[in-house]
Amino acid sequence: ATIRKIKGAAILRPLPKHNDFTKTAQNIAGNIKTMSTFVQKHRPGFFHPELATERERDSIEEEVGLFVKTCTERVDSLKDLIIFQSSERRSAHVVAHLHGIVLILSERLKEVTETFDECRQARYESQLANYQHTQQLREQASSQRGAIAARRRGQDDRADDSANDGSVSVARAVNGQGWRRDGGWESVKGLQMQHSDMLADELEGLVDQ
């Protein structure tokens, strides 16, 4: 409603060439005051993000930007009226007074602009902080996932090594047992052959007698 009121004011309409300087300056001053009140009202929404949505802040920035642009043009138009007043051979004192009014309006408009610049800066810093926080969370999550994956790979590698070691041990045990079995059998066979040879010798001796 405030923005619509400002848009409907004389400050946003073409300035008649022969309009009274003082009346126009008062109109501009009133609109600057209205906009200053508007900025102060919505200022907390820029310093405390939970008080306004991003869409609301976007709308406020757009409206204030339009006001500042148009108001600046209107203040500059007053300078043309000063030239017009000077052409009517007004005294130097009157012309200086008119320049003083333009200077005051420019300073008030600058104050509103600087106040709103602080709001925009606060919004930018808040957005930057949120972005950096989000990036940190993503990096931490990625790091944690990498650490978990590394631990799992390490566990799998150890499990494979244990399985391989077990297989080798079993194979060695089996081979060892086979060697022992084969060696023992050969020993028994050797003893039997020696015993048979001895018996054969004894039989030959008896035959000779």
Side-chain angles (χ1 to χ4, degrees), residues 1-17 19-85 95-150:
T2 303
I3 295 297
R4 287 196 296 270
K5 179 180 177 182
I6 292 175
K7 285 183 176 180
I11 192 171
L12 298 182
R13 294 199 299 268
L15 182 64
K17 187 173 182 179
N19 195 10
D20 179 75
F21 180 94
T22 302
K23 182 180 179 179
T24 304
Q26 289 175 344
N27 184 275
I28 294 174
N31 282 280
I32 292 175
K33 184 177 180 180
T34 301
M35 180 52 67
S36 177
T37 302
F38 176 81
V39 170
Q40 291 295 338
K41 176 183 178 181
H42 293 282
R43 188 172 184 269
F46 286 82
F47 285 86
H48 304 283
E50 68 277 6
L51 298 180
T53 64
E54 289 298 320
R55 180 175 296 181
E56 288 173 339
R57 283 186 282 268
D58 287 340
S59 178
I60 292 171
E61 284 197 26
E62 181 180 356
E63 298 293 347
V64 174
L66 176 62
F67 169 81
V68 171
K69 179 178 181 296
T70 306
C71 192
T72 300
E73 293 174 353
R74 298 290 290 174
V75 172
D76 291 339
S77 297
L78 289 180
K79 298 176 182 180
D80 295 334
L81 286 179
I82 293 177
I83 296 174
F84 176 77
Q85 294 287 344
V95 173
H97 177 70
L98 298 180
H99 278 293
I101 292 176
V102 171
L103 179 61
I104 291 173
L105 292 175
S106 298
E107 289 296 326
R108 291 181 180 177
L109 179 60
K110 181 181 178 182
E111 291 175 0
V112 175
T113 302
E114 290 177 347
T115 299
F116 192 68
D117 283 343
E118 294 176 357
C119 297
R120 295 179 63 191
Q121 179 66 22
R123 181 187 185 187
Y124 169 77
E125 291 177 353
S126 177
Q127 291 175 333
L128 179 61
N130 289 337
Y131 172 78
Q132 292 176 339
H133 180 64
T134 301
Q135 289 296 106
Q136 289 177 352
L137 292 179
R138 289 178 178 175
E139 291 175 359
Q140 291 175 359
S142 178
S143 177
Q144 290 175 355
R145 288 194 297 267
I148 292 173

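Index from 1, following the sequence.
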query: Can you check whether Ile60 reaches Phe38 side chain to side chain, under 4.5 Å on heavy atoms?
result: yes
Smallest heavy-atom separation, Phe46 atom then Ala122 atom, equals O-CB, 3.8 Å
Sequence neighbours excluded, the answer for side chain to side chain contact (heavy atoms under 4.5 Å, CB included) partners of Gln121 is Tyr124, Glu125
Asn31 vs Cys71, side-chain contact (heavy atoms from CB on, under 4.5 Å): CA-CA, chis, key distance, verdict | CA-CA 9 Å; Asn31 282 280; Cys71 192; 6.0 Å; no
Sequence neighbours excluded, the answer for side chain to side chain contact (heavy atoms under 4.5 Å, CB included) partners of Val68 is Val64, Thr72, Thr113
Side chain to side chain contact (heavy atoms under 4.5 Å, CB included) filter on Ala52, not counting sequence neighbours, yields Glu56, Arg57
With the side chain counted from C-beta on, respond yes when Phe67 and Leu109 share a heavy-atom pair under 4.5 Å apart, and no when they do not. yes
So, does Ser59 use its side chain to make a donor-acceptor pair with the main chain of Arg55 at under 3.5 Å? no
Whether Arg123 and Asp58 form a salt bridge (side-chain N of Lys/Arg under 4.0 Å from carboxylate O of Asp/Glu) is what I want to check.
yes
*Working for side-chain contact (heavy atoms from CB on, under 4.5 Å), residues Val112 and Thr115*: CA-CA 5 Å; Val112 175; Thr115 299; 5.8 Å; no
Here the pair of heavy atoms bringing Val102 nearest to Phe21 is CG2-CZ, 3.8 Å
Problem - Flag side-chain contact, heavy atom, 4.5 Å: Phe116 against Arg43 - result: no
Heavy-atom closest pair (Leu105 atom, Ile32 atom, distance to 0.1 Å) is O-CD1, 3.7 Å
